[in-house]
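Read through the structure below, which is laid out as structure tokens, and then see the notes.
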Amino acid sequence: MGCYVSVSQSSVAVIEACGKYDRDANAGCSFLNPIACERAAGVVSLRVQQLDVIVETKTKDNVFVHIVVSVQYQVIPNKVYDAYYKLTDPHEQITAFVFDVVRAEVPKIQLDNVFITKDEVAHAIKDELTKVMDEFGFEILKTLITDIRPDNQIKASMNNINAAERLKHAASDRAEANKIGLIKNAEAEAESKYLGGVGIARQRMAIVDGLRDSVMQFSKGVPGSTAKDVMDLVLITQYFDTLKEIGMKSGHSTVFVPHSPSAVAHITGQIKNSFMQHEGKPIVITDDDANNGLQKKGKERDPEDL
């Protein structure tokens with residue numbers, strides 16, 4: 001039996017005399033009275049301690065989960081006697097109350113809500129432990145639910161549900177984007193066709209103006225020529241220019257074009273015939289012209305009969 005006891009910082013030694021509690025010895029060196037049979041019965045730490053408790057319980061929708069609860073506690077300095085003598089194992093006591101509160105609160109909550117309301121469950125554990133453990137000289141500083149562990153299959157199903165929901169939103173967004181793209185493409189195509197039509201109309205107007213100027217200049221330069229002669233010459237010139245363009249370009253499919261003097265006259269007659277049909281004038285042809293595909297003076301026919 002020694003004459004003194006050395007106590008570490010943040011600790012308190014429990015001194016007994018003849019087996020009975022006598023006093024507390026704080027940090028430092030404390031002398032013992034061997035005559036009174038004083039001895040250090042034990043040392044109580046005043047540091048903050050943490051106890052992790054894993055509780056298996058069932059939720060309201062009958063899913064078993066493991067909940068990890070971390071309890072941070074400390075011995076109250078003026079209740080060292082209670083903490084040392086009233087409880088044999090404070091860890092077992094705290095664990096029992098944690099099990100009791102968790103298994104009373106979690107079965108009221110569905111699995112999805114357990115993750116949301118875990119702070120409420122932690123507060124309920126803290127309130128219950130504070131009321132009970134204060135009597136035994138322990139202060140409950142904080143209770144934390146640090147982990148919620150459903151079964152692996154439950155985790156996989158929850159992930160699948162979440163993934164399906166996200167895929168649905170993604171598909172909706174893609175469909176909306178495609179819709180916008182189709183609308184924009186349709187608007188662009190309509191605008192393109194409109195501008196193309198304007199360009200064709202202007203091109204045709206330019207062609208008509210050019211032909212009119214050519215007819216007027218040819219009539220002035222060649223005395224006795226008529227507008228019909230000028231138009232025949234222009235059509236023949238364009239016909240041969242077209243044949244030239246077809247022959248010069250490569251990579252095109254074969255085009256069969258009837259080519260003979262009568263074919264030229266036939267094309268000329270068709271163009272004039274279309275102009276006269278547009279103006280609503282009767283067309284005069286002969287039987288020989290009908291057989292040869294030429295339109296000349298002769299029998300009168302209505303444009304609708306053609």
Side-chain angles (χ1 to χ4, degrees), residues 1-57 64-109 114-150:
M1 182 181 296
C3 296
Y4 67 93
V5 60
S6 178
V7 183
S8 301
Q9 184 66 37
S10 298
S11 299
V12 175
V14 178
I15 307 299
E16 293 180 346
C18 297
K20 182 181 178 180
Y21 171 77
D22 184 68
R23 68 183 187 277
D24 296 334
N26 294 321
C29 183
S30 297
F31 290 96
L32 302 177
N33 186 358
I35 300 175
C37 299
E38 288 185 348
R39 69 181 186 92
V43 178
V44 177
S45 176
L46 299 180
R47 296 177 182 176
V48 176
Q49 304 178 61
Q50 177 169 309
L51 175 64
D52 293 328
V53 182
I54 301 176
V55 184
E56 183 182 17
T57 185
F64 283 90
V65 294
H66 289 85
I67 297 179
V68 181
V69 181
S70 297
V71 180
Q72 297 176 355
Y73 64 96
Q74 181 182 38
V75 174
I76 301 173
N78 58 355
K79 291 187 176 182
V80 174
Y81 174 88
D82 295 334
Y84 187 79
Y85 287 103
K86 287 188 176 182
L87 281 181
T88 303
D89 191 346
H91 289 180
E92 290 293 332
Q93 185 82 0
I94 294 174
T95 300
F97 278 102
V98 169
F99 267 82
D100 181 65
V101 176
V102 170
R103 289 181 173 175
E105 294 292 331
V106 174
K108 302 176 185 177
I109 311 169
V114 171
F115 293 90
I116 301 174
T117 61
K118 68 182 186 68
D119 290 338
E120 298 177 7
V121 176
H123 284 307
I125 297 172
K126 182 177 184 296
D127 293 341
E128 186 66 22
L129 285 176
T130 299
K131 289 188 295 185
V132 174
M133 299 304 294
D134 183 73
E135 179 185 352
F136 299 104
F138 288 91
E139 179 185 5
I140 305 301
L141 302 176
K142 202 175 278 285
T143 56
L144 305 171
I145 295 180
T146 57
D147 196 8
I148 300 173
R149 304 172 186 169

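Residues: numbered from 1 along the sequence shown.
Side-chain contact between Asp134 and Lys79 is present, with at least one heavy-atom pair separated by less than 4.5 Å. Side-chain contact between Pro90 and Phe138: present, with at least one pair of heavy atoms (C-beta onward) separated by less than 4.5 Å. A heavy-atom distance below 4.5 Å is not found between the side chains of Lys118 and Ile67.
Salt-bridge annotation for Glu38 and Arg23: present, with a side-chain N of the basic residue lying under 4.0 Å from a carboxylate O of the acidic one.
Counting heavy atoms of neighbouring residues, nucleotides and ligands inside a 6.0 Å radius, atom OH of Tyr85 exceeds 12 of them. Under a cut-off of 6.0 angstrom, the local environment of OH in Tyr81 is sparse, with at most 12 non-hydrogen atoms contributed by other residues, nucleotides or ligands.
A donor-acceptor pair is defined here as one N or O able to donate and one able to accept, closer than 3.5 Å; such a pair exists between the side chain of Thr95 and the backbone of His91. Using modelled atom types, no side-chain atom of Tyr73 and backbone atom of Leu129 make a donor-acceptor pair closer than 3.5 Å. Judged by distance alone, the side chain of Arg149 and the main-chain N or O of Glu56 form no donor-acceptor pair under 3.5 Å.
Nearest heavy atoms, Val106 versus Thr57: CG1-CG2, 3.7 Å. Minimum interatomic distance between Ser70 and Thr146 (heavy atoms only, all atoms of both residues): OG-CG2, 3.4 Å. Here the closest non-hydrogen pair linking Val5 and Ala40 is CG2-CB, 3.9 Å. The minimum heavy-atom distance linking Gln74 with Leu46 is given by the pair NE2-O, 2.8 Å. The heavy-atom pair separating Met133 from Gln93 by the smallest distance is SD-CG, 3.8 Å. The minimum heavy-atom distance between Ile15 and Ala25, with the atom names listed, is CG1-CB, 3.9 Å.
Atom-to-atom distance recorded for Asn26:CG and Ser8:OG is 12.5 Å, nearest 0.5 angstrom.
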